[in-house]
2 protein chains.
Amino acid sequence: MVKSKSQKRRAPARRHTRPTPVVDRDTEGRILEAAHAVFVRRGTAGARMQEIAATAGVNPALLHYYFRSKERLSAAVFQRAAGELLPSVISVLASDRSLTEKVESVIDLELSHLSRAPYLPGYIISELAHHPERAVQLVTSLTGLVPAEVGRRVFGALRLQIADAVRRRRIHPIEPEQFVVNLLSLCIFPIAARPMLMALFGADDKSFSRFIEHRRRDLPAFFLRAIRP
Amino acid sequence: MVKSKSQKRRAPARRHTRPTPVVDRDTEGRILEAAHAVFVRRGTAGARMQEIAATAGVNPALLHYYFRSKERLSAAVFQRAAGELLPSVISVLASDRSLTEKVESVIDLELSHLSRAPYLPGYIISELAHHPERAVQLVTSLTGLVPAEVGRRVFGALRLQIADAVRRRRIHPIEPEQFVVNLLSLCIFPIAARPMLMALFGADDKSFSRFIEHRRRDLPAFFLRAIRP
DNA sequence: GTCTATATGTTGATAGAC
DNA sequence: GTCTATCAACATATAGAC
C-alpha cells in the first residue's frame, strides 16, 4: 500500500536506458492520458476506471496506486483538460497587441484548437456545472491569481485599451467582460453544440467542417464590425 | 408486471374529482418532473433512480412501472428539456418579422428563459455529446421534418430574407446558418459557461446576474452592428 | 397502481503476493 | 511497481403481495 493520505505521490523513477516516446510514457503519464480520453468522451460520472485502465494498457489496480481514487484522478484530468483551453487565450488578451490583432488571434487559436478537440468544451462546461468549486481552483492555477484579482488585472488592462480606442473613435464602447464573452461565445459554442447544429442543418461531418472553416474566415470581420463605432 | 416490450404505457387514469395543481400531478407527471430536475442537475450518468423517486415522493419501483428503464426515462426527460429550448426560437426565425425584430426577439426570449433554467444548455450539450443520435430525433420531433428538410425550409426562407436585405444595402452578406449560430452562441454560451465566467470575472451570483442584464440590453445592438453593411 | 423484498450485476477500492 | 483475488457498496431492475 502507499504512504497515507498525505500528499503527492512520487512519480515512478524514469528509466534512462532509452528515450521516452509518447506512446511509451511512464505509467503515470499513460494513465493520465487514457483518463483524459475516457473522461472527456464519457463524462466524469459515466467514465469507468476499468475502461481507463484498458485504454492505458495497465492493470486496474494501478489507477488507485497512482491517483488513490476516481475523484482525484478526475480532478487531475480536469485540470489538464482545462489548462489546454484557456491559457493561450488569456495570454493573447493580456498581451500588448492591438484589439484587432487580439480578435483575430483568439479566433484563430480557438477554432484550430477546438476543431481538433471537439469534446473539450462540452466536457469542461458539464464538469464545471457539477463541480463549480473547481472553477476557482482552475482560474487560480492558470493565472496564479485569485479570481477577484484576475478580474482586476486582465480586464483592467483591456478596459484601458478599449477606452483608448473609444476615445480615438475606433470602436463602439463596450465592457471588457462583454467583449471577451462575446468573442469566446462565437468561437466555443458552435463546437460545443456541434451535434445539435449538425442535426439542425442536416449536415454531415464533412459539411460541418466546411461550416467551421467558413467561420474561421468570416468571424473576425463579423466581430470587428460589431465593435465599430 | 407490465404489458411487454411493446409501446407506450397508458397514462394512469386521471381522477376528475378535483382539479390537478402542479404540485399534485398524477404520478407519471411527478416522476417526469422530478427526473427532469435530477437529470439536469446531475447529468444522465450521474443521476440516481432513487434520488428521482425521493424527489417525486414516490416508491422507487414506480419509476420502472412507468418508464421501464433508466434509459427510457432519460430519453423522455431529454425530449422534454430540449423541447423547452428550441421551438420558440425556431418559430421566431421562421416567422415573417423583420431581421431586426427577429434578432431582438430571439435574444430576449433566450436570455429570459435561460436565466431561469441555467443548467439547461449544459445538460443538453453534454447529453447530445454522449448520444448524438438523439439530435436527429430531437429536431424531427420539434419540427416534424427530417433534418435535411429543416435545413432547406427554415434556412431557405431566412436566406431569401437576408438576400433581400443585402440587395437593399441594409446588411452585410452572411450565410443564414452563420447568422443563426452567431445569434445562439451569444445567447446560450454565457449561461452554459456561467461557472467558468464567474471565476474568470471574480463575480458572485448577484454581479453575474447584473452582467446578464447588461447583456440583454446591449446584445441586440452589438449583433445588429455586426450585420450592418 | 403502489408497496416490500430481493435478485443481479457493476463499480470503486483494497489486501497482499510477487 | 505491478499483479491476482476479492470486498463492500451501491444501482438498476424485477417478483409478487396488497
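Here is the naming used below: chain letters follow the sequence lines, and residue numbers restart at 1 for every chain.
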Response to the item:
So the salt bridge (charged side-chain N to carboxylate O under 4.0 Å, His left out) pairs with at least one residue in residues 179-188 of chain A (sequence neighbours excluded) are none

Discussion item. Does dG12(C) have OP1 or OP2 under 4.0 Å away from a side-chain N or O of Ser69(A)?
Written reply: no

Worksheet, complete the sentence: Note, DNA chain D 5' to 3' with Watson-Crick or G-U pairs under 3.5 Å encoded as ( ), [ ], | and . gives ||||||||||||||||||

Donor-acceptor contacts, no H, no angles, side chain residues 83-90 of chain A, under 3.5 Å, sequence neighbours left out:
none

Discussion item. I need the full list of salt bridge (charged side-chain N to carboxylate O under 4.0 Å, His left out) pairs touching residues 46-57 of chain A, with sequence neighbours left out, sorted by first then second residue.
Written reply: Arg41(A)-Glu51(A), Arg42(A)-Glu51(A)

Discussion item. Just N and O in the side chain of His64(B): are any of them under 4.0 Å from OP1 or OP2 of dA13(D)?
Written reply: yes

Worksheet item: Do any of residues 36-45 of chain A sit with a heavy atom less than 4.0 Å from DNA chain D, and if so which?
Response: none

Fill in: Pairs where residues 110-122 of chain B contributes a residue and the test side chain to side chain donor-acceptor pair (under 3.5 Å) is met, not counting sequence neighbours
none

Worksheet item: Looking at dT12(D), dG12(C), dC3(D), which one has an atom nearest to any side-chain atom of Leu62(A)?
Response: dC3(D)

Item to complete: State, yes or no, whether a side-chain contact exists between Val77(A) and Val38(A) at a heavy-atom distance under 4.5 Å.
Response: no

Practice prompt. Could you pull out all residues at least two apart from Ser141(B) that satisfy side-chain contact (heavy atoms from CB on, under 4.5 Å)?
Written response: Gln79(B)

Item to complete: Give every residue pair that meets the ring-ring contact (aromatic ring centres under 6.0 Å, His included) criterion with at least one member in residues 178-208 of chain B, sequence neighbours excluded.
Response: Phe155(A)-Phe201(B), Phe179(B)-Phe223(B), Phe201(B)-Phe211(B), Phe208(B)-Phe211(B)

Worksheet item: salt bridge (charged side-chain N to carboxylate O under 4.0 Å, His left out): which pairs involve residues 200-210 of chain A, sequence neighbours left out?
Response: Arg194(A)-Asp205(A)

Worksheet, complete the sentence: Sorted by chain and number, sequence neighbours left out, side-chain contact (heavy atoms from CB on, under 4.5 Å) with Thr140(B) holds for Val136(B), Pro147(B)

Response to the item:
The complete set of salt bridge (charged side-chain N to carboxylate O under 4.0 Å, His left out) pairs with one or both residues in residues 176-193 of chain B, sequence neighbours excluded, reads Arg159(B)-Glu177(B)

Filtered N/O pairs between nucleotides 5-11 of chain C and protein, under 3.5 Å:
from	atom 1	to	atom 2	distance (Å)
dT11(C)	OP1	Arg48(A)	NE	3.2

Worksheet item: Of all the nucleotides listed (dT14(C), dA13(D), dT2(D)), which has the minimum atom distance to the side chain of Tyr66(A)?
Response: dT2(D)

